[in-house]
Amino acid sequence: MAHDFTDKNIGIGITGSYCTYKDMFRKMKDLSETNANLTMIFSDHASSTDSRFGRSEEFLKMAEKISGKPPITTIPGAEPIGPKGLLDLLIIAPCTGNTLSKLANGISDTPVLMAAKAHLRNNRPLVIFLSTNDALGMNLKNIGILLNTKNIYFVPFGQDNYLTKPNSMIAHLELIEDTIEYALLGKQIQPVIKSPHAL
């Protein structure tokens, strides 16, 4: 299904689930081809941590190339998203368990969380692309809180390795555009819990 998000201002909040970055940045490139105006926002760790999955400097450059402008990497840089109404929709992709738990408890101590807080004040959709090893553990209660929170929507997610990581869940990358389309209409795409990913 082709998607056209012409004239839509979409923010992408990037947090520290580094193992997803290769696929996630490919998906961001796909989103840029829907004619959306993209704004990238990096958490502190995402913008400064090098890992075996890549160097933060390279990811910042990739984000700028995809969106056509430098990413937001500071809390003061993210705060105007609210009062200026800069975004039609914000997706946190990937959203770690740490970011998820802070969001559920009203904490805004990173650029991505400040962007989420600022964006939600405008009663506009916030989409969560979950990627956490403790979705069915300590973070299950936070998922429940956010599922029941106005203007927050989830990309459908499932267990990614129930044999060796039984609490781990990740969202389905291929459903990001469909979820955005539904969220812009104020609807949660269904089913939210989708069949498990391949091991």
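Bear in mind the structure is a predicted one, so any value in this text is a computation, not a measurement.
Taking CG of D109 as the start and OG1 of T99 as the end, the distance is 8.5 Å to the nearest 0.5 Å. Taken to the nearest 0.5 Å, the CG atom of L89 stands 5.5 Å off from the CD1 atom of I180. Rounded to the nearest 0.5 angstrom, E174 CD and D30 CG are separated by 12.0 Å. A distance of 7.0 Å separates CG of L31 from CD1 of I91, quoted to the nearest 0.5 Å. Separating the OG1 atom in T49 from the CG atom in D44 is a distance of 9.0 Å, to the nearest 0.5 Å. How far CG of L90 is from CD1 of I81: 6.5 Å, rounded to the nearest 0.5 Å.
The local environment of NZ in K187 is sparse, with at most 12 non-hydrogen atoms from other residues, nucleotides or ligands closer than 6.0 Å. Heavy-atom contacts from other residues, nucleotides or ligands closer than 6.0 Å to NZ of K65 number 12 or fewer. In the displayed structure, D7 atom CG is contacted under 6.0 Å by at most 12 heavy atoms of other residues, nucleotides or ligands.
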Report task. Applying side chain to side chain donor-acceptor pair (under 3.5 Å), run through T6 and D4 and close with a yes or a no. Result -> CA-CA 6 Å; T6 301; D4 185 356; 2.3 Å; yes

Requested in this report: Begin from the C-alpha positions of F154 and L146 and carry the test side chain to side chain contact (heavy atoms under 4.5 Å, CB included) through to its verdict.
Outcome: CA-CA 9 Å; F154 279 77; L146 295 175; 3.8 Å; yes

Requested in this report: Might you work through the side chain to side chain contact (heavy atoms under 4.5 Å, CB included) test for L60 and T73, ending with a clear yes or no?
Outcome: CA-CA 9 Å; L60 289 166; T73 58; 3.9 Å; yes

**Report entry** CA sep, side-chain torsions, deciding dist, call: N123, K150, side chain to side chain contact (heavy atoms under 4.5 Å, CB included)
**Finding:** CA-CA 8 Å; N123 286 315; K150 182 181 178 183; 4.0 Å; yes

Requested in this report: Apply side chain to side chain contact (heavy atoms under 4.5 Å, CB included) to L130 and L100, showing your working.
Outcome: CA-CA 8 Å; L130 188 67; L100 185 86; 3.9 Å; yes

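At distances below 3.5 Å, not a single donor-acceptor pair connects side-chain atoms of E64 with backbone N or O atoms of P71. H119 contributes no side-chain N or O that, together with a main-chain N or O of G82, makes up a donor-acceptor pair within less than 3.5 Å. Here the side chain of K194 pairs no donor or acceptor atom with the backbone of P191 at under 3.5 angstrom. Side-chain atoms of N105 come within 3.5 Å of backbone N or O of S101 as a donor-acceptor pair. Side chain of N167 to backbone of N133: no donor-acceptor contact under 3.5 angstrom is found. Using a distance-only test at 3.5 Å, with no hydrogens or angles considered, a donor-acceptor pair links the side chain of Q159 to the main chain of P166. The backbone N or O of G85 sits less than 3.5 Å from a side-chain atom of R124, completing a donor-acceptor pair.
Contact check for M40 versus I66: side-chain heavy atoms found under the 4.5 Å cut-off. For the pair I170/F157, no side-chain contact is recorded, criterion being any heavy-atom separation below 4.5 Å from C-beta on. Put simply, the side chain of I92 does not reach to within 4.5 Å of the side chain of F129, judged on heavy atoms. Side-chain contact check for F5 versus L184: some heavy-atom pair is nearer than 4.5 Å. Between I41 and I12 the shortest side-chain heavy-atom distance does not fall below 4.5 Å. Side-chain contact check for L147 versus V192: some heavy-atom pair is nearer than 4.5 Å. At a threshold of 4.5 Å between non-hydrogen side-chain atoms, the residues N98 and T15 do not count as touching. The shortest side-chain heavy-atom distance between P156 and T179 falls under the 4.5 Å cut-off.
Considering all non-hydrogen atoms of both residues, T20 and P94 come closest at OG1-CG, 3.3 Å. Across G77 and P80, no two heavy atoms sit closer than the pair O-CD, 3.4 Å. Scanning all heavy atoms of the two residues, the minimum distance from P125 to Y153 falls at CB-CE1, 3.6 Å. Nearest approach of P111 to A78, heavy atoms of both residues: O-CB, 3.3 Å. Minimum heavy-atom separation, R121 to P83: NH1-CD, 3.6 Å. Nearest heavy atoms, S108 versus L113: CA-CB, 3.6 Å.
Hydrophobic cluster membership differs between I128 and I189, with clusters built from Ile, Leu, Val, Met, Phe, Trp and Tyr side chains linked at under 4.5 angstrom. Hydrophobic cluster membership is shared by L140 and I152, with clusters built from Ile, Leu, Val, Met, Phe, Trp and Tyr side chains linked at under 4.5 angstrom. M62 and Y18 fall within a single hydrophobic cluster, where Ile, Leu, Val, Met, Phe, Trp and Tyr are joined by side-chain heavy atoms under 4.5 Å apart, directly or via other members. Connection of I193 to I143 is established within a shared hydrophobic cluster, with ILVMFWY side chains joined at heavy-atom distances below 4.5 Å, either directly or through further cluster members. In the hydrophobic cluster analysis, where Ile, Leu, Val, Met, Phe, Trp and Tyr join through side-chain heavy atoms closer than 4.5 angstrom, L38 is grouped together with L173.
Salt bridge annotation for E177-K27: present, with a cationic side-chain nitrogen under 4.0 angstrom from a carboxylate oxygen. Salt bridge present: R55 and E58 bring a charged side-chain N and a carboxylate O closer than 4.0 Å.
There is a side-chain donor-acceptor pair under 3.5 Å between N9 and N37. When only modelled atom types and interatomic distance are considered, S17 and S131 share a side-chain donor-acceptor pair under 3.5 Å. Checked by atom type, the side-chain pair D178/H3 shows a donor-acceptor distance below 3.5 Å. When only modelled atom types and interatomic distance are considered, N161 and T164 share a side-chain donor-acceptor pair under 3.5 Å. Side-chain N/O atoms of D134 and T132 include a donor and acceptor closer than 3.5 Å.
The aromatic rings of Y21 and F59 sit perpendicular, their planes meeting at an angle over 60°, well past the 30° parallel limit.
Between N151 and the choices L120, L126, N122, the side chain to side chain contact (heavy atoms under 4.5 Å, CB included) rule is met once, by L120.
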